[in-house]
Amino acid sequence: MASQPQKYPESVYDFTVKDAEGKDLDLGIFKGKVLLIVNVASKCGMTNSNYTELNQLYEKYKDKGLEILAFPCNQFGEEEPGSNDEIAEFVCTRFKSEFPVFDKIEVNGENASSLYKFLKSGKWGIFSDDIQWNFAKFLVDKNGQVVDRYYPTTSPLSLEHDIKKLLGN
């Protein structure tokens, strides 16, 4: 019997990830939305500004087709040491964030999540493959294709123009 050919993902919608409760979530549910995918951390010097601005973007554009997907990661300075429950409690209590926060993942190395391997596979010019630190951002169009990647130090509010363009606003 012939083996089935390997199917390579064509968009972020081809991935299933774990939510903060450890349940499988098919990213296909976000088809037709603009996505901002961010690796987050609770104890980073950039935590307050990033969560505050991500909340502002989400509040302003969630009804226009923007979804923010937050993936906790403890690979940078061990700045996300908590359990999924502790992370969710922190994000919901301290920042009142309404966007989804997922299971803690790795974004670099051989244990990097398959979603992040896909996100990093684009042609980035000056960017290397690896994520540099907490709060790297990927902007994904309505077809599930990565259209831009932003450094961790890039302010979420500075992405508003690019987000509006993809939303068609």
Side-chain angles (χ1 to χ4, degrees), residues 11-13 15 17 19-20 25 27 29-80 82 84 86-105 107-108 113 115-116 118-169:
S11 79
V12 298
Y13 304 135
F15 291 91
V17 296
D19 67 14
L25 181 83
L27 292 183
I29 66 167
F30 297 112
K31 274 189 180 160
K33 293 193 177 235
V34 171
L35 305 177
L36 184 59
I37 300 175
V38 186
N39 61 299
V40 298
S42 301
K43 298 184 183 301
C44 179
M46 297 184 289
T47 298
N48 287 342
S49 61
N50 271 272
Y51 270 113
T52 299
E53 291 186 18
L54 289 169
N55 283 341
Q56 291 170 345
L57 283 176
Y58 192 65
E59 189 59 37
K60 190 169 183 179
Y61 295 105
K62 67 181 178 184
D63 295 333
K64 296 178 176 153
L66 174 68
E67 197 62 62
I68 295 173
L69 309 183
F71 288 89
C73 178
N74 196 38
Q75 284 187 287
F76 307 103
E78 297 182 359
E79 294 180 341
E80 190 65 280
N84 284 348
E86 290 168 331
I87 294 165
E89 171 79 16
F90 172 81
V91 172
C92 294
T93 304
R94 180 149 177 210
F95 293 102
K96 312 268 188 279
S97 297
E98 295 177 10
F99 50 81
V101 178
F102 293 87
D103 188 29
K104 193 187 304 187
I105 62 166
V107 298
N108 291 334
S113 82
L115 172 63
Y116 265 78
F118 176 80
L119 292 172
K120 296 186 300 181
S121 67
K123 294 180 180 138
W124 303 113
I126 63 169
F127 290 113
S128 68
D129 272 353
D130 279 347
I131 304 295
Q132 300 89 1
W133 199 256
N134 304 308
F135 297 102
K137 300 154 193 78
F138 289 90
L139 189 59
V140 177
D141 69 15
K142 294 177 182 181
N143 298 315
Q145 301 302 310
V146 178
V147 294
D148 219 332
R149 175 178 175 173
Y150 305 91
Y151 284 111
T153 53
T154 303
S155 152
L157 289 179
S158 72
L159 311 181
E160 189 169 10
H161 175 78
D162 295 342
I163 290 168
K164 284 170 67 173
K165 195 164 66 176
L166 290 178
L167 291 172
N169 296 331

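Everything numeric in this text was worked out from a predicted model, so none of it was measured. All values below come from the heavy atoms of this structure, side chains included, with hydrogens, waters and symmetry mates left out. Positions are given from 1 along the sequence.
- The structure places CD1 of Ile68 at 11.5 Å from OH of Tyr61, a figure rounded to the nearest 0.5 Å.
- Side-chain contact check for Phe71 versus Val38: every heavy-atom pair is 4.5 Å or farther apart.
- Listed by chain and residue number, Tyr150, Tyr151, Ser158, Leu159 satisfy the side chain to side chain contact (heavy atoms under 4.5 Å, CB included) test with Thr154 (two or more places apart in sequence, or in another chain).
- By the 30° and 60° cut-offs, the orientation of the rings of Phe138 relative to Tyr116 is perpendicular.
- Here Glu53 pairs with nothing under the salt bridge (Lys or Arg N to Asp or Glu O under 4.0 Å) rule; sequence neighbours left out.
- For Phe90, the ring-ring contact (aromatic ring centres under 6.0 Å, His included) partners are Phe95, not counting sequence neighbours.
- In the model, Ser42 has a side-chain atom that pairs as donor or acceptor with a side-chain atom of Glu80 under 3.5 Å.
- Residues satisfying the ring-ring contact (aromatic ring centres under 6.0 Å, His included) test with Phe99, not counting sequence neighbours, are Tyr58.
- For Lys43 and Glu78, the salt-bridge test fails: no basic side-chain N is under 4.0 Å from an acidic carboxylate O.
- A donor-acceptor contact shorter than 3.5 Å links the side chain of Asn39 to the backbone of Ala136.
- Side chains of Asp103 and Asn84: a donor-acceptor N/O pair is present below 3.5 angstrom, by distance only.
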*What do the steps show when you test Trp133 against Met46 for side-chain contact (heavy atoms from CB on, under 4.5 Å), and what is the final call?*
CA-CA 10 Å; Trp133 199 256; Met46 297 184 289; 3.6 Å; yes

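- In this structure Glu59 satisfies the salt bridge (Lys or Arg N to Asp or Glu O under 4.0 Å) test together with Lys62, sequence neighbours excluded.
- Between Asn108 and Gln75, the side chains place no donor N or O within less than 3.5 Å of an acceptor N or O (distance only, hydrogens not considered).
- If you take CZ on Phe30 and CG on Leu66, they are separated by 11.0 Å, rounding to the nearest 0.5 Å.
- The shortest distance between side-chain heavy atoms of Gln145 and Leu139 does not fall below 4.5 Å.
- In this structure, Phe76 and Cys44 have side chains that are not in contact, with every pair of non-hydrogen atoms separated by 4.5 Å or more.
- Legend: residues meeting side chain to side chain donor-acceptor pair (under 3.5 Å) with Lys137, ordered by chain and number and at least two apart, are Asn50.
- For the atom pair CD1 of Ile163 and CG of Leu36, the computed distance is 5.5 Å after rounding to the nearest 0.5 Å.
- Taking the six-membered ring where the residue is Trp, the centroids of Phe15 and Phe118 are separated by under 6.0 Å.
- Formation of a donor-acceptor pair under 3.5 Å by the Asp141 side chain with backbone atoms of Asn143 is found in this model.
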